Amino acid sequence: MANALTTTCYVVLAAVVVVYAQRKSQLGARVQYEHRDTDVTMQCGTLASEASVTWKVNGTDVKAERREEGPQLILFNVDVSHNGLYSCFQNPNGERRDQINLRIGTPPKRPVVTCRSNTYPKGFYCSWHLTPPPDIPTEFEVNVEHNLRVLEVERDTVHKNRCKVKFPELFSSVPYRVNVTAINALGSAYTVISFEESSIVKPDPPEKVVVTPIPNRVQRLEVTWNNPSTWPDVDNFPLKYFLRYRPLIRDEWQHVELTETTRHTITDAYAGKEYIIQLAAKDMEIGTWSEWSVAVYATPWWYEPKPITSTTEAEVIIENCSTTPPSAKPEHRLAAGVPALFSSPHLLLASLLLFIMW
Amino acid sequence: MSRGKAVCCAQLTLLLAAVVGCVQVPDLSLTLTSERTTIERTYELTKYLEHQLKDIKDTYLSYLGPPFSDPDFSPPRPNSSSLSVPSAATRVELWRGLENGARLAQNQRAYRVLLCAMRELARSTLCPYLQSSLLHFCSGLNGLLGSITGLMRSLGYTPPQLGDVPLPLPGDGQPLLTERPASNEFSRKVEGFWVLRELQSWLWRSAKDFNRLKKRLKA
């Protein structure tokens with residue numbers, strides 16, 4: 001028992017020592033960044049040109065095409081497969097003299113930058129990426145300018161390739177200029193894009209789209225949705241919506257454009273067929289349509305089959321196929337002054353007087 | 001018989017008085033309703049003008065030629081001494097907090113200046129087709145201005161008088177697009193470019209302004 005305990009202790013201790021040694025060895029290594037498809041020379045410390053060394057990569061022999069000249073190791077036509085921790089040991093004593101962490105990559109190409117505002121009028125965000133990826137660590141510098149002023153840029157804490165900027169003003173005629181510079185050990189490249197406030201506004205799609213069948217109405221579906229939660233001020237910056245729907249059996253969509261509402265009743269659905277419904281949103285005045293919302297599937301109401309013993313006929317209300325498009329709520333159609341008139345107590349008095357007269 | 005007639009007349013008078021009362025008491029809400037309709041119509045007019053302006057702007061920029069006709073060309077805005085059209089740009093909090101009268105007044109002032117600038121632009125255009133398009137657009141813009149002024153009056157605001165506008169008007173003998181002898185052709189083209197750009201921004205801003213007004217009057 002004591003022996004087992006001692007053995008375990010020794011094993012644990014050995015593991016700790018190995019891990020520590022590995023980390024220490026890596027920390028001692030210097031990084032060398034090199035361009036792919038070139039020939040790379042690695043120098044073993046400060047040894048003289050007559051010195052003789054042995055090279056290892058990641059603890060094993062170097063198998064790639066190479067030439068060894070004194071303290072130098074030359075690799076040809078490198079690519080990412082040459083990445084590794086190269087160590088050189090002086091002959092004949094085998095003392096390790098240097099460690100190089102070789103990383104092959106490319107200087108950055110011009111970043112592809114896009115900016116968008118889904119939180120209008122709060123601000124916009126920009127995101128970028130490099131094509132092709134440079135394979136070595138690359139940093140980015142972002143500058144945003146408007147009306148000869150430099151704006152404050154908030155870098156995203158999670159995404160290295162994103163930043164946020166607040167709109168300094170609204171209804172601006174002056175374009176914004178965004179400069180993104182990519183920098184790594186092998187070079188740098190920048191892209192400048194220019195855009196107007198109105199062109200980058202694109203909301204997120206509507207949320208919580210719910211489609212419910214309407215009892216006893218075999219051609220109707222009621223659709224309700226919420227504004228995208230990222231849109232901060234729908235009262236002053238109202239959205240308009242685009243609803244599209246089709247039965248799964250057909251390919252053509254039907255479209256309805258809606259304003260100042262977050263509900264709509266489809267009245268021309270095919271009875272008994274499953275439908276797919278989606279919504280998109282856009283600022284009333286500017287910008288572009290959002291992406292389509294998550295698709296919702298629904299089937300219009302169909303009556304429950306009654307048991308055969310029942311003597312009553314099921315009531316089925318079939319809509320006329322040529323009904324006009326869904327009307328707005330009836331009360332909106334009335335002349336605006338009429339409801340006020342009907343609710344006046346004076347008219348009631350007048351009616352009472354008329355009644356008395358007769 | 002005459003007593004019956006008298007009773008009948010009295011009842012009719014009472015009824016008429018009641019009806020007249022009905023019409024008079026909800027007067028305020030009726031008036032606001034007609035204002036809301038005017039606002040809606042003015043909103044539609046700004047959308048229509050915005051749409052028209054897009055076409056005219058494209059034609060005008062082709063007329064100006066390169067580099068103005070290049071898609072992403074954006075010259076720096078001339079300073080306010082050479083170009084006095086107002087900018088629609090404003091800070092969010094300021095815009096939100098604008099009181100109805102002030103909001104309308106800002107629009108009214110802007111379109112008075114912009115209308116004059118557009119008329120001058122039309123006058124100095126050498127292409128007859130483009131000139132007639134611009135003049136036609138100006139008549140629409142004039143309609144918008146009239147609509148805003150009328151709306152201000154019916155809501156009980158005093159539209160700013162000529163003297164209130166701190167910017168020079170043609171009536172004062174000073175043109176909006178300056179005709180300094182030293183000013184070159186390119187500067188004048190830049191000024192024309194910016195008149196169209198500021199007008200575009202104002203039409204967009206007005207749509208938002210009228211929407212806000214509509215909501216505030218509904219409350």
Side-chain angles (χ1 to χ4, degrees), chain A residues 119-123 146-148 166-177 192-199 201 232-240 259-260 283-287 334-358, chain B residues 7-8 10-34 36-37 43 46-47 50 72-74 76-77 85 87-96 194 196-209 211-212 214-216 219:
Chain A
T119 56
Y120 190 73
K122 266 205 198 133
H146 174 254
N147 216 3
L148 304 173
K166 286 203 182 84
F167 278 120
E169 56 184 10
L170 295 186
F171 314 115
S172 175
S173 323
V174 178
Y176 290 79
R177 274 171 61 92
V192 178
I193 64 163
S194 188
F195 53 83
E196 289 185 28
E197 176 191 329
S198 51
S199 64
V201 176
D233 186 359
V234 80
D235 282 331
N236 288 309
F237 298 90
L239 295 168
K240 61 180 174 182
T259 53
E260 294 191 23
D283 176 271
M284 288 275 287
E285 265 60 70
I286 55 172
L334 292 172
V338 175
L341 212 54
F342 281 148
S343 62
S344 164
H346 285 81
L347 190 62
L348 284 172
L349 182 65
S351 318
L352 195 64
L353 282 168
L354 257 175
F355 180 68
I356 292 167
M357 271 173 39
W358 292 109
Chain B
V7 166
C8 188
Q11 284 173 335
L12 195 60
T13 314
L14 267 169
L15 177 62
L16 278 171
V19 169
V20 166
C22 287
V23 169
Q24 276 185 357
V25 166
D27 192 49
L28 187 65
S29 63
L30 268 182
T31 312
L32 281 181
T33 305
S34 85
R36 279 209 300 277
T37 314
Y43 170 84
T46 64
K47 303 292 281 183
E50 198 177 12
D72 289 323
F73 179 67
S74 178
R77 194 186 193 282
V85 291
S87 172
T90 178
R91 289 182 42 176
V92 188
E93 327 79 59
L94 290 175
W95 181 82
R96 270 208 192 96
W194 273 95
L196 290 176
R197 197 176 240 187
E198 294 292 18
L199 180 56
Q200 203 165 30
S201 294
W202 265 105
L203 288 170
W204 156 33
R205 176 174 152 176
S206 293
K208 292 277 190 246
D209 276 324
N211 178 66
R212 180 126 173 90
K214 200 165 59 172
K215 294 242 161 78
R216 286 181 78 150

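Because only heavy atoms are used, hydrogens play no part in the values below, and waters and symmetry mates are left out as well, while side chains stay in. This one's a predicted model, so the numbers in the text were calculated from it and none came from an experiment. All chains are named by letter (A, B, ...) in the order of the sequence lines, taking the proteins before the strands, and each is independently numbered beginning at 1.
- In this structure, no portion of B:Trp202 lies under 4.5 Å from any heavy atom of chain A.
- Closest non-hydrogen pair, B:Val92 versus A:Leu170, comes out as CG2-CG, 3.7 Å.
- To the nearest 0.5 Å, the span separating CG on B:Leu196 from OG on A:Ser173 amounts to 11.5 Å.
- Note on ring orientation: taking the six-membered ring where Trp is involved, the planes of B:Trp95 and A:Phe237 are tilted (angle from 30° to 60°).
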Checklist line | Derivation and outcome, salt bridge (Lys or Arg N to Asp or Glu O under 4.0 Å), residues A:Asp283 and B:Lys208 | finding: CA-CA 10 Å; A:Asp283 176 271; B:Lys208 292 277 190 246; 2.8 Å; yes

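- Counting heavy-atom pairs under 4.5 Å between each of A:Lys122, A:Glu196, A:Glu285 and chain B puts A:Glu285 at the top.
- Using a 4.5 Å cut-off between heavy atoms, B:Asp72 makes no contact with chain A at all.
- Taking B:Arg91, B:Lys47, B:Arg205 one by one and counting their heavy-atom pairs under 4.5 Å with chain A, the maximum is reached by B:Arg205.
- Per-residue heavy-atom pair counts under 4.5 Å with chain B were compared for A:Asn147, A:Asp233, A:Leu148, A:Val174, and the maximum is reached by A:Asp233.
- Considering every non-hydrogen atom in both B:Arg96 and A:Asn236, the closest pair reads NE-ND2, 3.6 Å.
- Here the CZ atom belonging to B:Phe73 is positioned 12.0 Å from the OG atom belonging to A:Ser194, to the nearest 0.5 angstrom.
- For B:Ser74, the part lying under 4.5 angstrom from a heavy atom of chain A is the side chain only.
- When heavy atoms are compared at a cutoff of 4.5 Å, B:Arg77 does not approach chain A at all.
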